[in-house]
Structure formats: C-alpha cells, structure tokens
Amino acid sequence: MKRVIKQISWLFILAVLTLSMSMAVQAKSKKNVPTSGKCGKYATWTYDKSTKILKIQGHGKLVSPSKYWPDPWNLLEIKKVEIGDGITKIGKYCFYDMEYLKSVTIPNSVKTIGAYAFDETALRSVTIPKSVKTIGACAFSQTKLRSVTISSHVKNIGPAVFEECRKLKKVVWKAKKIPFQTFHWCTSLSQIKVGSNLQSIGECAFEDTALKKFTMPDSVRDIGKSAFQDCNSLESLKLSSKLKELPKRFIAETESLRELSVPTGVIVIDKEAFSDSYVEKILLPDTVENIKRKAFKDASGLQEIKISNNVTYIRDETFKNCEQLKTVRFGTKVAVIGEAAFSKCKKLANISFPASLKDIEYGAFTNCALDNVVLGSNIRNVDYWAFKNCKYLKSVLIGNHVTTFQSNAVSGCPSLITIQVAADNPVYEAVDNCLLGKAEKELLVVPGGKTGTFVIPNQVRKINGEAFASCSKINAYNAGSNPNYKTLNGMLADQTGTILVACPQGRTGTIAVPSGITTIGASSFQNSKASYIYIPNTVTTLEACAFENCNNITQITIPGSVYQVAIACFWECDNLNKVTIENGVSRVCRSAFHGCKKLKKVVLPSTLFFIHTSAFAECDYRLTLYCKKNSLGMSYATNNEFRYKMI
C-alpha cells in the first residue's frame, strides 16, 4: 500500500511540474508576442496595448498572421479591430476564436468575408458594407451579435453564417437566399424582416429560434427540410403561394403554431413535415397529390384534416399517434389507406369512407375510437389488424365487393356485437352476427362482445385459428347439433374428440386438457385467463401459438409424449416463470418462449436434438437453463450466453 501511495504522489508532483512549465512557457510566449507584422502580401498590422485596438492597413487580401508567426493575435487581448480602406478580402479563419474581440470596422473596399472569419469571437455588433458580395460559411457563427443587416448586394452566402449566435434578436435580410443552418440555434432570434426578392430558405435555416411570426414573400419557391423545426414560439406562419412542396420536418416539433393555411399550388407534402407539431386544423388544397409517409405522425394537436381530392394513397403512418384527431374528411380519389395510417388516433370515433376506397392496409385504424364501420361497395381488401383494439367498435358492415377480410382485422374489439355482410357478397356471409367464408363454411370471426356460452352455428364446417381471438367474455362452448364439432367440459374439440380447437378465454383458475386429446390446436388457448393449464401425456402435438398470451399462468409442464414445442407456442406469456420440459420432447422451435419476460427457470431434457436460437428471445436476463452435462441444452446455453446448471 505504501508503495502505491508513493507512486501516486510522484505522479501528482509530475503533473504539477508539467502544468507549471506549460504556464511558464505560455507566459513567456505572451511576453514576447510581437505587436506588429504582416497579415497579407500587401497588408500589415499594429496593436496598441493601451487601447487594445488592432489596426490593419494596406490593400488586397487580409490573412491571419499565423502564416508569419505562431498565432500572435490569439495571444493578444484584442478588443477592437479597425480595417483600413484598401483591404478587399478578409480571409478565412482570420479572427477565429479571438475571445476578447467585441467590435470590428469593415471598410467599403471589402468584397469578401471568408469562412469562419469571426467565428467564436465576442463580437457584439457589425456593419456589413454594401461592397460585400460574398460571406463564407460560419463567418459570424457563435458570436455575441445582437442584430445584423444583410443587404441585397450580398450575392453569395455560405451555410451557418450566424449559427448559434445565442444573443441575436433582430435581423434584416435583403439577400435572395437564406442558406443551410443560417440561424440554427439562434435561440433569442424573435424578429426577422426579409426582402420581397427572397427566393429560398435553406435546410434548418431557423431551427430552434425564438421567431414568433414569419411572413414568407411570394417570391420564395423552395424551403429546405427542418427550416422551422423546434421553433416553439412560432405562432404565425404565412407560406409563399409559389411553393410546390412542403419539405421534410419543416415545422416539426413546433409547440405554439395552431393554424396553417397550405397555399394552392403545393403538390407534395414530404414525410414528417408536420410530425410532433401542435397544428390543430389543416385544409389541404386540391393541388396536393402526394402526402408522404409519416407526414403528420405524432402531430398531437391536430383535430381536423381535409384530404384533397387529388390524393389517391394515404401512406404508411401518415396520421399515426394524432391523439386529438376527431374529424377526417377524405377526398374523392382516395383508393388506399396505408399501414398504420391512423393508428392510435384515440379520439377518431366516426369516419365515412369515400366511394373510391379499395384497400385498407395492415393496422390502418388500430387503437382508434371508432364505433361503427361501413365498408362501402368498392372496398376490396381489409388487411391484418386493420381495426385491432378499437375498444368502442360495435358494428361492422361488409360490402358486396370485399373479397379479403382478414380474420384478425377486428381483433381486440371487446364491444363488437354485430357483423353484417351484403347479401350479394360472393365470398362472405354473416350467421348469428359472426363472419363465415361461404366456400368452406369456415367460421372466421366471432365478435368480441359475445358473452356466456357460445353455440357453434350448424353451418360451420371449419374454424379459423383466429376466430375466437377477441372473445374474452365467452366462458363455454356448445357444439349443439353441429356435426363437425363436439364439446368436452365446455371446451371445443373436433368431432373425433382428439383435437382441441378452443378453450374459452373467459374461464379462470386451473384448466385440465381433457383426456383423449392428442393435439392442442393452433391458438387454442390464446389469451386464456387460466392460472394453470394441465397437459396430459395423451397429447403428442402442440401447434403454433397454442398458448400465446396466456398471461396468468406462472408455470407449465410439457409431458414427454409431446414431440416438439411449436413455433411461438408460449409467445409473450407475461407471468410465466418456470417451464419443465420432460424427457421425450425432441425439439424447441423458433420463438417458442419469445418475450416471456419473467421466465427464470427452464428444465431441459437430454432427449432434445434441436433448440432454435430464438427459442428464448427477449426473456428475463436471469433465465437459467437446467440440463444434463454434455447435453444439447448445455451446448445451447454456452453458445447463446445463457446461465445453466447441471441436473
């Protein structure tokens, strides 16, 4: 310990000596720094220590004297710079990082101010003469300027010229372009007056400023992405009538802007243009033809939208998470509503689909407040999860041209009571408010609002695995006089009594699979409320998703009579913490226990010859596999970095 302390002490002493020597060298260098010299081929400089003024004389280009001496200006406490008439160009990095510089005089002879010329100085004010035609990138960025005027004589301006000037409050801008990131992070900028000749506003030009109002002259033809992003004080924005496109994220994450009029002439609204904004009402002119994906995603203030008559496709996630959206008025040409287009619009209760609509894609209206859905005569396809988790949905009317209605389209709709189908629909029919496929008399959807004992209609010859997915209130099945099915202790089985088709979700407590069952069918226990499920050794087959989302079971034993644990068999059983797989089981398939987040103990038999790499994906990080020495289970645990113990 003493030796360690001694070593630390020597290191500390060495560090102090090094710092002292460095300070001494710096002090010496400051003492010996010159007060005059060359700063260009035809330019010279002098420094007055008493006034702390740097004077520059000559003509032509002005450059940093570091070309002639190691950074003399940065070693002097220069507070003011006076540039004499005759200098035509201020070179790049000329006064860069001069922390004391507060004032500069630029003569009428200067035509060019180079990139980073005054970057990171303490400059508080500047007058840019009309002679200046070019200002380079970041020329005045990170300064302490309070106001600035750019005349129309400036023809060429680089990006980020005033970026992060956090004291800048007022700007007069007469140039034709506001380039990329010009006022980015100018967090005090609240006023800007632009000329009538302004043609373009660059990417992120006003991002994160304090602008309250901006009137765009009609001369502006294009805006860069994120131009007004994070302008949280912006209350009024008037757009140019010459615009053809509203760019990506152009008012994203604005908090105070409530209304916006999109001018006639705009054709394209780019992706995420209004995302995370608080605009409440938007009317899109009929010139709009293309609304790109996520254009209004997370626009949490949006309450009403009118979609123009030339829009044919509402793309993926266009209005996702618009939690205040109550009213949608579709244009007359909308043919497709894309994936998750209105997902999680929690106040969207009523909607009228246009006659032009043909396709409702995957998850288009999940988690909405819809209470009634009428699928008009021209609608052809209703995709997976289209109306999933619409908890207030009571009725669905399927028109005569619907040829694809996925069986889980209305999954998770506990209030759904009525399903009706147009009489001349060639594919579907409704029996006892349930949806059947005409060709095979397949029971496709049983409404989630069904309660008590459900009687299988006599016409049913086949039952889809998703048919009862939302039936949390059914506590028993009755096959009645249906010749294709029988009931065993309130559970539904095929006519032979060997294949378990469905266990009622509403049944609680311990459930024993009836003896004689050899196959537990796909999704048969899906969403079951049972707290324990007993599987007898007569069972040889577990089909895919058999116990999916059985969130009340805490443990399960899979008998050795079972050949394999099927794909997604116990998918996301939230409270399952212990699994015992007995000797005889040969395979554990893909995603068998995916997302069982509390699963901590799995007993694996020595008879296994296959375990898929994803079998225990996204389970509890403390999961321990109990296995025989040198078994497949031990090898799997080692290769996939799971804890294991010998049994």
Flag the pair [X] / [Y] as yes when at least one side-chain heavy-atom distance between them is below 4.5 Å, and no otherwise.
X: C503; Y: I511; value: yes
X: V421; Y: F405; value: no
X: L599; Y: V579; value: yes
X: D270; Y: E245; value: yes
X: F250; Y: L237; value: yes
X: V602; Y: F616; value: yes
X: I535; Y: T557; value: no

Donor-acceptor pairs under 3.5 Å, side chain of residues 300-307 to any protein atom, not counting sequence neighbours: which ones?
{"unit_1": "E304", "atom_1": "OE2", "unit_2": "R329", "atom_2": "NH2", "d": "2.8"}

Do we see a donor-acceptor contact under 3.5 Å between the side chains of [X] and [Y]?
X: N310; Y: D286; result: no
X: N290; Y: R315; result: yes
X: S531; Y: N552; result: no
X: N478; Y: T487; result: no
X: T318; Y: R293; result: no
X: S561; Y: N537; result: no
X: S407; Y: N464; result: yes
X: N321; Y: K344; result: no

Can you tell me if [atom1] on [X] sees more than 12 non-hydrogen neighbours from other groups inside 6.0 Å?
X: K600; atom1: NZ; value: no
X: K394; atom1: NZ; value: no
X: Y384; atom1: OH; value: no
X: R507; atom1: CZ; value: yes
X: Y278; atom1: OH; value: no

Under-4.0 Å salt bridge between D432 and K450: yes
Residues K438 and E429 bridged, charged N to O under 4.0 Å: no
Cation-pi, Y626 ring and K601 (6.0 angstrom, 45 degrees): yes
Evaluation steps, side-chain contact (heavy atoms from CB on, under 4.5 Å), between T418 and V396: CA-CA 6 Å; T418 305; V396 174; over 6 Å; no
Partners passing ring-ring contact (aromatic ring centres under 6.0 Å, His included) against F228 (at least two apart in sequence or in another chain): F206, F214
Less than 3.5 Å apart, which donor and acceptor atoms pair up between the side chains of residues 512-519 and the rest of the protein, not counting sequence neighbours?
{"unit_1": "T518", "atom_1": "OG1", "unit_2": "T498", "atom_2": "O", "d": "3.3"}

Using atom types as modelled, flag every donor-acceptor pair under 3.5 Å from a side chain in residues 563-571 to any protein atom, sequence neighbours excluded.
{"unit_1": "Q564", "atom_1": "OE1", "unit_2": "R587", "atom_2": "NE", "d": "2.9"}

ring-ring contact (aromatic ring centres under 6.0 Å, His included) between Y477 and Y485, worked out: CA-CA 10 Å; Y477 293 112; Y485 296 94; over 10 Å; no
Counterpart residues, salt bridge (charged side-chain N to carboxylate O under 4.0 Å, His left out), relative to D574 (two or more places apart): none
Within residues 428-452 or reaching into it, pairs that qualify as ring pair (Phe, Tyr, Trp, His ring centres under 6.0 Å) - sequence neighbours excluded: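 Listed by first then second residue: nothing to list.
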Aromatic ring proximity, centroids under 6.0 angstrom, Y636 and Y644: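 Y644 vs Y636: aromatic centres not under 6.0 Å.
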